[in-house]
Amino acid sequence: MSQVTLGTPARQASTQAEAMKRPLPDWVLALALAAAVTVLWELAIRLFRVPTFVLPAPSAVIRSLIENWAQLASATQSTALEILLGFVLAAITGIAVALVIVRFDRFGRALYPLVVLFQNVPKVALAPIFILWFGFDLAPKVVLIVVIAFFPVAIDMLVGLQSVEPSFVALMQSVGASRSKILLDVRIPHSLPHLMAGLKVAITFSVIGAIVGEFAGASRGLGYMIQFASTQLDTPLIFAALFVVSVLGLAFYYVVEFTERLLVPWAPKFDATHRAQDS
Amino acid sequence: MSGALSVVHALDAAGAAAAGSAAPGLVDARGICVDFYLDGVRQRVLEDITLSVPKGSFVSLIGPSGCGKSTLLKVLAGLIVPTEGRVSVGGIVPHEAAKRRVIGLAFQDPTLLPWKNAIQNAAFLLMTADDKISLADAEARAAAMLKLVGLDGAERKMPSQLSGGMRQRVAIARALALDPQVLLMDEPFGALDAITREEMSRCLLEIWQRTGKTIVLVTHSIEEAVFLSGEVHVMGGAPAHILETLPIALAQPRTTDCITESAFKVAQQRLRSLLIEGHQRRPA
C-alpha cells in the first residue's frame, strides 16, 4: 500500500504496468485515500496550530479512543442493540406494509397515500414525544428507528412486487393461478433484489435513528456519549465516538450486503442483462 | 348448428374454403369485435373477425404493428373477453381451455424467472397449472421439451447465462411442457436479430412437424409468415379486420429450400401488396 501512496514516479510506472494486469481492489484504494487524508489532517492541525477543542488531530482522537475504550465499548453495545432491534422491526413493518398494499387492493390504495403522507412528517421531531410515551430506555429509540427506517423498505419492496412483467402474470392467470399463488411464487422472489436495496438504505437510517433517539434523552449509548462529551468540550471524545458509530454502521451495512449475496445471487447479473437488453 | 355454420360460411367464405371443410376449427372465432376505452372514449379495435384454425395447422396473423393482431391473439388466449362475438378453443371458451392446458402461450419477451434455471423455468408453468404433478415428473417433461427446442445440455443454465434466442427457446419449451393442443405465439422472435430469427423459424417449423401441434403465430415478418404457415390472415384497417386470408401453396414438409420456389415469391408479393393496402387504409 505504501508503494502506491509514496512511490516515486519511476516506481509508479512499473506498478502501473502490473496494475494493468491485475487492478487493485477497491478497498485498497479506499484505505489508501483514507490514510492520505488522515496524514494531511494531522499535518494541517500541527501546521496551523488548531486548538484541540475546535478540531482535534487524528492522533488526539486515537488517544481518546484508547483512553475511553471501556466506556465506548459498553456504549457501542447499547447502541448496537437499539439499531439491531429497530432495524429488524423496521424491516418487518416495511415488508408487511408492502405485502398488504399489494395483496389487498382496495385497502392498499387507501393505505399508500397515508404512508407517503406519514413519510413527510419530520420523524426526528417525534423523538421527544416518543420519550414522553415510552420513557428513557430502549423502547423510544427502537420506535424512532422503526418510524424512520420502514419507509425505504416498504417502497422498494412495493416496487419489486409490482414490477413483475404483466405478460408473465397473464401467463400464470391463464393456467388458473390464484392471486396468492402469484404473490408467493413470483412477486415475492422477484421483489427480493429490490427489498435488499431498501434494507441497505434502512440500515443506515437505523444508525441515524439510534443516535437521534439518544440525543433526545438517554443515559447510555454512543449518541449519549457524543452529547455528554460536547457539554464537556471534550472534542477528541466526540470524534472518537463518531468514529465508532461510523464503523458500527459500516459493519451493519456489510452484514446486509453479505446477506444480499447469499439470498439473491441472481440480482446483479439480472440487472446487468436487463440493462444490456434495453440498450 | 348447421344454420350457424352457414352464417359463418357466408361471413368468411375464403377462410372456410381454405380450411378445407365446414367443420369448426380447433380455434374458432366468429364475429369478434373488441372495444377499448381510450381516455374515456370508446374505440373499436377489432371489427367482425371470423376465423377458424383447423387442428394441426400452422396459421399466421400478419399486419402492421399496432393494428390489433396481438389483441386478437389475446382474445383467442382468453386474456381479453371480446365485446361481441364468440370464441372457442377445443370447443370451450378460451379461458377455460387455458385452465385445462389446451392453450400454450409465448410472447415477444420470454419473461423467464431469473432465479430459476432453464429446466425450472420450463417446468414452472406446468407445476403452476397442475398442483398434483411431482417435481421430478414436471422436470422430466421440461427436460424433454428443452431437448425438443434444441437446448439439451443447457438445462442447468440460468437465464442470465443464455442468449436471447435460447431464452425464447426456454419460453417455448415452457409452453410446450403443458402439452397444449394449440400454441399461441405473439411475435416470439420480434426482439431477436435477423440470423437468430431465421434459426428460430426453422426450430419452430421442426417443432410443428414433430409434435403436430396447432400453431397460431402473430408476426409482422412476411418471410416468416410465408415460410411457416399453411394459411396467413392479413389484418389491417381501423378498426382492424381481416383483409384477406391467403393459403400458402408450398409443399409440406417444408425445408429452407422452399424460399427459392416461385410460389414463395408469389405469396410474398401478394402479402406485401396487401400489407401496403392495409397500411394506406389506416388513419394517419
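Each chain gets a letter, A, B and so on, in the order its sequence line appears, and its residues count up from 1.
Counting heavy-atom pairs closer than 4.5 Å to chain A, the top residue among Ile103(B), Leu113(B), Leu178(B), Asp131(B) is Leu113(B). The greatest number of non-hydrogen atom pairs below 4.5 Å with chain B, out of Gly176(A), Ser174(A), Ala177(A), is found for Ser174(A). The candidate from Arg174(B), Lys116(B), Arg101(B) with the greatest count of non-hydrogen atom pairs under 4.5 Å with chain A is Arg174(B). Put simply, of Leu79(B), Leu105(B), Leu125(B), the one with the most heavy-atom pairs under 4.5 Å next to chain A is Leu125(B).
Phe107(B) and Leu171(A) get closest at one heavy-atom pair: CE1-CD1, 3.7 Å.
For Phe107(A), the CZ atom is loosely surrounded, since the number of other residues' heavy atoms within 6.0 Å does not exceed 12. Asp26(A) CG: 12 or fewer foreign heavy atoms inside a 6.0 Å radius. Within 6.0 Å of the CZ atom in Arg179(A), the count of heavy atoms belonging to other residues, nucleotides or ligands exceeds 12.
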| request: Any chance you could lay out the side-chain contact (heavy atoms from CB on, under 4.5 Å) test for Phe124(B) and Met172(A), step after step, and finish with the verdict? | output: CA-CA 10 Å; Phe124(B) 182 78; Met172(A) 290 198 70; 3.8 Å; yes

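Using a 4.5 Å cut-off between heavy atoms, Arg100(B) makes no contact with chain A at all. In this structure, chain B has no heavy atom under 4.5 Å from any part of Val164(A).
One distance of note links NZ of Lys74(B) with OG of Ser167(A); it measures 8.0 Å at 0.5 Å rounding.
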